[in-house]
Student: 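One structure follows; several queries about it will come next.
We use all heavy atoms of the structure for the numbers below, so side chains are in, but hydrogens, waters and symmetry mates are not. Counting from 1, the numbers follow the sequence of the chain as shown. Ligands are counted one by one from 1 in listed order, and the atoms in each one are counted from 1 as well.
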Amino acid sequence: MVQATDSEVKNAIEKVHVPPIKTQGIKTKLVPWISQYASLDAQTVWVEPFMGSGVVGFNLAPKRALFSDTNVHIIDFYRSIQDGELTAASCRKFLESEGARLKSRGGDYYYEVRDRFNESHDPYDFLFLNRSCFNGLMRFNRQHRYNVPYGHNDNRFSKAYVTKIVNQVEYVQAKITENDWEFLAMSYGDAIDASPSNSLIYCDPPYIGLTSTYYDTWDEEKEKGLHDSLMESGCRFMVSSWAHNDYRSNELIGTLWSDCHVSYADHAYIVNGKHKPVVEVLLTNYVTEWRGGVVLPGRQDYRR
Ligand SMILES: C[S@@+](CC[C@H](N)C(=O)[O-])C[C@H]1O[C@@H](n2cnc3c(N)ncnc32)[C@H](O)[C@@H]1O
């Protein structure tokens, strides 16, 4: 196994396609590392019960997949693409006209769209808010109303930025059309129960003890429920989690998850514009073989 040079790593990360909807905890830079452990053939069903942005599954581009999340707006967004209601061309038109309104009316317009979205749940408005809000956050209050403040950039939807988003929609649109993918709003337990035995289930739950709200809260009971459902499923699975940061350790890796194989990687998430280093883990219920591709430097990779 030969460790990759900095430029090989940069290339591998640059090849990752970033999806149109962003969320905190997005795995963009970890896709090359996670992919090394995911062996898929034409029969494998990729199940991703915490899809968030979907960046991992979208880049692996499985033939068959179930993407799910409790955040119904993410699911609605991708179903709109699948139904042909939301296309790259219609997105361009929408973002150009709404971007012009944002440019002339600034924050007042952002909050008008936010109120509108909280009533109508329109996927176009969801995209607009996701790409013009503060720090690209995905956050809802207890009544499930989107509550992220304005990102304070009236010229957010410049021509180049609209083109970037449109290309991201176009990429996902092509993958959805080429493959047999399903998008469902459901809790992880229902997604795991619905997984056929030839599934590879990839779970990226909110990081216990580290996060932050997404759409639903996460606690030890849910993490235990996740562990037990995966173990009972009879399917192969991978779970992303964290081992430790500069201040704390995740005890559950050595207790609840002690029956899994574990691989480690150095990573840093950007939280409120700041780099937060963390030792990332990938837990699997199968012994993973290195399947080629780059080995990212600075990443320890061993089994216990
Ligand atoms: C860490 S994010 C996933 C990030 C994703 N892997 C990415 O790269 O963008 C966790 C996701 O889990 C979802 N979630 C939280 N609780 C859930 C539950 N009980 N069942 C299913 N999804 C849940 C959140 O809405 C959020 O989208």
Student: What about the rings of Tyr264 and Trp33, do their centers lie closer together than 6.0 Å?
Tutor: no
Student: With a cut-off of 4.0 Å, which atoms of ligand 1 are near a heavy atom of Val55?
Tutor: 8 (O)
Student: Quick check, are the ring centers of Tyr146 and His73 under 6.0 angstrom apart?
Tutor: no
Student: For atom 6 (N) of ligand 1, which of Asn71, Thr28, Ile21, Asp204 has the closest heavy atom?
Tutor: Asp204
Student: Do you know which two heavy atoms are closest between Cys91 and Val169, and how far apart they sit?
Tutor: SG-CG2, 4.0 Å
Student: What atoms in ligand 1 come closer than 4.0 Å to a heavy atom of Ser53?
Tutor: 7 (C), 8 (O), 9 (O)
Student: For the ring pair Tyr78 and Phe58, is the centre-to-centre distance below 6.0 Å?
Tutor: yes
Student: Looking only at distances, can you tell me whether any N or O atom of Trp218, backbone or side chain, sits closer than 3.5 Å to an N or O atom of ligand 1?
Tutor: no
Student: Once you restrict to heavy atoms under 4.0 Å, what part of Lys222 touches ligand 1? Side chain, backbone, both or neither.
Tutor: neither
Student: What residues, two or more places apart in sequence or in another chain, satisfy side chain to side chain contact (heavy atoms under 4.5 Å, CB included) together with Val18?
Tutor: Lys22, Thr28, Gln168
Student: Does Met138 reach ligand 1, in the sense of a heavy atom lying below 4.0 Å from it?
Tutor: no
Student: Applying a strict 4.0 Å limit to heavy atoms, is Thr23 in contact with ligand 1?
Tutor: yes
Student: Looking only at side chains, do Thr44 and Asp41 share a donor and an acceptor under 3.5 Å apart?
Tutor: yes
Student: Can you sort out which atoms of ligand 1 are near Thr70, meaning under 4.0 Å from one of its heavy atoms?
Tutor: 14 (N), 15 (C), 16 (N), 17 (C), 18 (C), 20 (N), 21 (C), 22 (N), 23 (C)
Student: Do any N/O atoms on Asp69 end up under 3.5 angstrom from N/O atoms on ligand 1?
Tutor: yes
Student: Which of the numbered atoms in ligand 1 are below 4.0 angstrom from a heavy atom of Pro49?
Tutor: 21 (C), 22 (N)
Student: Output yes when a side-chain donor or acceptor of Tyr188 lies under 3.5 Å from a complementary backbone atom of Lys222, and no otherwise.
Tutor: yes
